[in-house]
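The first residue of the sequence shown is numbered 1, and numbering continues consecutively from there.
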Amino acid sequence: MKQTLEQLKEELQYEKTNACVQCGYCLPVCPTYMTMGKETHSPRGRINLIKMVGEGKITDLSVLEEPMNMCLGCRACETACPTGVQYGSLLEATRATIVKRKKFSVPVRLLRKAMFKKVFPSRQAMKLTGNAVWFYEKSGIRKAAHKSGLTNKLPYHLGAFEAIMPQSVSPKERKKTPDRVKAKGEKKYTVAFFTGCIMDAMFQRINRLSIELLAEAGCDVVVIQKQTCCGALHAHSGEMEEAKRLAKQNIKVFEEENVDFVVNNAGGCGAMLYEYSHLLANDQEWAARALAFSKKSKDISEVLISCGGLPNLQSNREERVTYQRSCHMTNVQKVTKQPVELLKGISGVQLIEMERADMCCGSAGIYNIVNYDASMEILNEKMKDTKATGASVVITTNPGCLLQMKLGIERENLTQSVRALHLIEYLAETAGIS
C-alpha cells in the first residue's frame, strides 16, 4: 500500500500542492467558483482534494473527477497566486491520473482513440473535415437540416454551435495556401507558421490572412507540411503520453528550418507550444530541444509588433471595439499588451476595455460542449461586461473564444449590431486585405 501511495503521489505531482497556503487569492478570479460558489470548484479546493488523495485520506479517486472536469483550465489562479502554485501542472497531472485508472465504455474508448490518435494529429484528416463542412454548406444539406429542425436535435447542444460555424473554405481555395511566402519590402524575420489542427480545418481563412499579414509586416513565412496538432486537447483530456509524442514530432520538424520564430494565431495552441519545455522537462533527450523551441514560439501579435506593427490601418467607420482576452495568452504566454497595441494603431477605432477583462468566457477547448450549462453561466457574466462597453466589435485571439462570443451575441439577440472577429480578421479588414 505504501509503495502504491508513493506512486500515486508522484503521478499527482503531490509535492506541488505544498506551495498552496489556502489564502484564497484565487477565489475571486476563478470563473467556476464565481458561478457555482462551491469550494470544491475553486483552485484551492481542488488542490486540497489532490493533497488528501496523495496523503491517503481519500482513497476513491472518483471524488476528484467532477471538480477536475468542471475546471476550465484558464489558469487565472496562477496569475493571482502570491506563492507561485503550479496549478496547470497539478490539473493536467490529476486528469492524467484519473484517465489512467478510469474504465471507459467500449464506444467511448474507441472514440477517444480515434479522435486523439487518428483525427487531430492528422493534417489530412483535418483537411477532409474542413472539406466535409464546406460540402455540408454548399450542397444544401445545411439549409435542409435547419429547415427540418434536425440541428435542434443534435446532442450536447451542438445545434447552437453549428449555427455559428465560420464560413468554410473550398477545397480548391484550401490548396492555394503556399508553403513559402516572401516578405513584402525589407525582410525583418524568417518565421515558421503553426497552422494548428482546428484552425487548419475550420478557420483556414484566418490562417491565410495571418500569413499575408506576416509577409506585409516584413516576414518570410514558411509553412511546414509535416507539423501536427499541438497536443493541447490531449493534455487537457489526460492523454499526456500522446501530447508528449506530438510535441516531439513538432519540435523535430520545426528544427529542420532555420527560423527566428514559430508563429501561432490561437491562444490555446500558443500556450501549449510555449509549455513544451515544461512538458518534456524530465526527458533527458528532449528537454533542451523543447526549451529552445518554446523560446522561439510566439503569438502572431508579438511578431507583428516586433516588426513595427502594420502601417495604414483604417476602419471604414468610427467603431467602438472591445477585446476579449484569451486566458491562455494572458495567464500562460503572458501576452497582454501586443494585441491592444495593434488595435490602438487602427485609425477610427475606439478601444473600450471591458470590466473583468481577464475573466474566462467559458469556452476552454471543448468545455462549452461537454459542460454546456456551466459554460453558459460563465458566458452570461462575460456578456454583461461586453454589453456594458457599447462595442459593436468584439475581438478575440483564440478560435474557441471566437465561437463562444459569437454564441453569446446570438443568445443576447445582438447579431444585427455586434460582430465577433479574430484579431487577424479585423487587422486584415482594416488593412484592405480580404
Side-chain angles (χ1 to χ4, degrees), residues 73 88 92 95-96 99 110-133 166 169 174 177 179 192-204 206-208 210-211 222-257 262-280 283 286 289-290 293-294 296-300 326 328-329 332-333 363-370 397-403 422:
E92 291 185 350
R95 284 176 172 172
V99 167
L110 291 175
L111 179 62
R112 286 176 68 95
K113 183 177 181 180
M115 296 304 292
F116 290 134
K117 293 191 176 182
K118 301 296 183 183
V119 178
F120 291 127
S122 169
R123 294 198 74 196
Q124 186 61 31
M126 296 311 293
K127 284 179 181 178
L128 287 173
T129 300
N131 291 343
V133 171
V169 172
R174 189 179 293 276
T177 304
D179 291 344
F193 182 68
F194 185 80
T195 59
C197 54
I198 300 297
M199 289 299 297
D200 195 39
M202 305 298 294
F203 300 88
Q204 208 272 344
I206 296 176
N207 276 359
R208 176 179 61 79
S210 297
I211 293 168
V222 181
V223 180
I224 296 171
Q225 293 302 316
K226 291 182 180 179
Q227 63 180 286
T228 187
C229 172
C230 68
L233 288 174
H234 301 74
H236 301 334
S237 301
E239 301 286 344
M240 293 303 293
E241 291 308 310
E242 186 65 11
K244 290 177 182 178
R245 186 188 71 78
L246 295 173
K248 291 173 183 178
Q249 182 177 335
N250 278 325
I251 292 167
K252 183 177 181 295
V253 298
F254 278 94
E255 283 177 338
E256 294 171 3
E257 292 283 347
V262 176
V263 183
N264 73 86
N265 60 8
C269 292
M272 189 65 192
L273 300 178
Y274 179 82
E275 293 214 304
Y276 277 1
S277 57
H278 298 292
L279 184 69
L280 299 172
D283 190 312
W286 288 90
R289 295 166 70 179
F293 178 92
S294 293
K296 281 188 175 184
S297 179
K298 301 290 181 183
D299 181 75
I300 189 170
S326 158
H328 285 98
M329 270 183 65
V332 181
Q333 298 180 76
S363 170
I366 58 172
Y367 185 96
N368 53 0
I369 296 174
V370 297
T397 52
N398 189 61
C401 298
L402 179 58
L403 292 181
H422 191 286

Distance check, rounded to the nearest 0.5 Å: H422 atom NE2 versus T397 atom OG1?
6.0 Å
Distance-only side-chain donor-acceptor flag, N207 / N265, under 3.5 Å
yes
Only residue of R289, K296, K226 satisfying salt bridge (charged side-chain N to carboxylate O under 4.0 Å, His left out) with E255 is R289
At their closest point, which heavy atom of S326 faces which heavy atom of G267, and how far apart are they?
OG-CA, 3.6 Å
Specify the closest pair of heavy atoms between S297 and L273, including all atoms of both residues, with the distance to one decimal.
OG-CB, 3.4 Å
Indicate yes or no: at least one non-hydrogen side-chain atom of K118 is less than 4.5 angstrom from one of K113.
no
Hey, is OH on Y274 packed in by over 12 heavy atoms from elsewhere, all under 6.0 Å?
no
Under the side-chain contact (heavy atoms from CB on, under 4.5 Å) test, residues paired with R245 that sit two or more places apart:
P121, E242, Q249
How long is the gap from CD1 on I224 to CD on E257, to the nearest 0.5 Å?
5.0 Å
Separation between CD1 of I211 and CD1 of I206, rounded to the nearest 0.5 Å:
12.5 Å
Distance only, no hydrogens: is a donor on one side chain within 3.5 Å (strictly under) of an acceptor on the other, for T177 and Q204?
yes
Partner of L246 under side chain to side chain contact (heavy atoms under 4.5 Å, CB included), chosen from M272, H234, E241
H234
Any side-chain heavy atom of F194 within less than 4.5 Å of one from F254?
yes
Heavy-atom closest pair, residues G268 and A232:
O-CB, 4.2 Å
Evaluate side chain to side chain contact (heavy atoms under 4.5 Å, CB included) for V262 paired with K298, printing each intermediate quantity in order.
CA-CA 6 Å; V262 176; K298 301 290 181 183; over 6 Å; no
Any donor-acceptor pair under 3.5 Å linking the side chain of R95 with the backbone of S237?
no
According to side-chain contact (heavy atoms from CB on, under 4.5 Å), who are the partners of V370, at least two apart in sequence or on a separate chain?
I366
Do L280 and I251 make a side-chain contact, defined as non-hydrogen atoms from C-beta onward lying under 4.5 Å apart?
yes
Expected output: side-chain Q227 to main-chain F193 donor-acceptor under 3.5 Å:
yes
Heavy-atom side-chain proximity of M199 to P399 below 4.5 angstrom:
yes
Between the side chains of R123 and D200, is the shortest nitrogen-to-carboxylate-oxygen separation below 4.0 Å, so that they form an ion pair?
yes
Compute whether any side-chain donor of one residue and acceptor of the other, for H328 and Q333, lie under 3.5 angstrom apart.
no
Using a strict cut-off of less than 4.0 Å between a Lys/Arg side-chain nitrogen and an Asp/Glu carboxylate oxygen, indicate whether K117 and E239 qualify as a salt bridge.
no
In the structure I gave you, are the side-chain heavy atoms of N264 and T195 within less than 4.5 Å of one another anywhere?
no
Are L279 and E275 close enough that some pair of their side-chain heavy atoms sits under 4.5 Å apart?
no
L403: which residues meet the side-chain contact (heavy atoms from CB on, under 4.5 Å) condition with it, sequence neighbours left out?
I164, P166, F203
Distance col, row L402:CG vs S363:OG, nearest 0.5 angstrom, shows 9.5 Å
So, are K248 and D283 salt-bridged, with charged N and O less than 4.0 Å apart?
yes
d(C269 SG, I198 CD1) to nearest 0.5 Å is 8.5 Å
Are any side-chain N or O atoms of S277 and backbone N or O atoms of A290, one a donor and one an acceptor, separated by less than 3.5 Å?
no
Do N250 and Y276 have a side chain donor and acceptor closer than 3.5 Å?
yes
